[in-house]
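Okay, structure first, notes after.
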Amino acid sequence: MTPKLAWTELEPLLKQLRLLADDLKERFPDEGDFFPRFADLADEVREVANDDCIEDASIRITDILIGLGYVPEEHRQH
């Protein structure tokens, strides 16, 4: 079983995911190519998030997609 991480341990993974997302967008600008790759990375982050921070992690992941222009701003959850 994968150990679950608290927010202080999860936040650096989300920052790394943001950097990886920038790289993926540059390499795979087409949504059809980008999304499967990003989803795999985002799922890895969600998988290690503990129950107390899974929702916040999902919000941050959506924020990454909004920032990259793949998801409309109105989908922002906060």
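Counting from 1, the numbers follow the sequence of the chain as shown. Side chains are part of it too, since the values below use all heavy atoms of this structure and drop only hydrogens, waters and symmetry mates.
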Would Asp52 and Trp7 satisfy side-chain contact (heavy atoms from CB on, under 4.5 Å), going step by step from the backbone distance to the final call? CA-CA 8 Å; Asp52 292 335; Trp7 186 255; over 6 Å; no
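- Inter-residue side-chain proximity for Leu17 and Ile61 is flagged as met; some heavy-atom pair is nearer than 4.5 Å.
- Within the structure, salt bridge (Lys or Arg N to Asp or Glu O under 4.0 Å) pairs that include any residue of residues 61-72 comprise Asp63-Arg76 (at least two apart or interchain).
- Within a 6.0 Å sphere centred on CG of Asp30, heavy atoms belonging to other residues, nucleotides or ligands number more than 12.
- No donor-acceptor pair under 3.5 Å is formed between the side chain of Glu11 and the backbone N or O of Thr8.
- Residues Ile66 and His75 come closest through the heavy atom pair CD1-C, 4.0 Å.
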Go through the steps for Lys15 and Leu19 under the test side-chain contact (heavy atoms from CB on, under 4.5 Å), then give the verdict. CA-CA 7 Å; Lys15 289 178 181 179; Leu19 295 174; 6.0 Å; no
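- Here Ile59 contributes atom CD1 and Glu55 contributes atom CD; the two are 5.0 Å apart, rounded to the nearest 0.5 Å.
- No more than 12 heavy atoms of other residues, nucleotides or ligands sit less than 6.0 Å from atom CD of Glu26.
- In this structure, the side chains of Arg60 and Ile64 stay at 4.5 Å or more apart for every pair of heavy atoms.
- Taking 4.0 Å as the cut-off between side-chain N and carboxylate O, Asp22 and Arg18 count as a salt-bridged pair.
- Shown here for Ala6 and Cys53, the closest heavy-atom pair between the two residues is C-SG, 4.1 Å.
- Separation of atoms CG (Leu41) and CZ (Arg46) is listed at 11.0 Å; rounding is to 0.5 Å.
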Hey, mind stepping through Leu14 and Val45 against side-chain contact (heavy atoms from CB on, under 4.5 Å) and telling me if it holds? CA-CA 7 Å; Leu14 288 162; Val45 172; 3.7 Å; yes
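- Nearest approach of Ala21 to Leu68, heavy atoms of both residues: CB-CD1, 3.5 Å.
- Atom OH in Tyr70 sits 8.5 Å away from atom CG in Leu24 (nearest 0.5 Å).
- Put simply, CZ on Arg37 and CG on Asp23 are 11.0 Å apart, with the number rounded to the nearest 0.5 Å.
- No donor-acceptor distance shorter than 3.5 angstrom exists from the side chain of Lys25 to the backbone of Phe34, with no hydrogens or angles considered.
- Heavy-atom minimum distance, Ala49 versus Leu10: CB-CD2, 3.5 Å.
- Using a cutoff of 4.0 Å between basic side-chain nitrogens and carboxylate oxygens, Lys4 and Glu47 are not scored as salt-bridged.
- How far CZ of Phe38 is from CG of Asp33: 15.5 Å, rounded to the nearest 0.5 Å.
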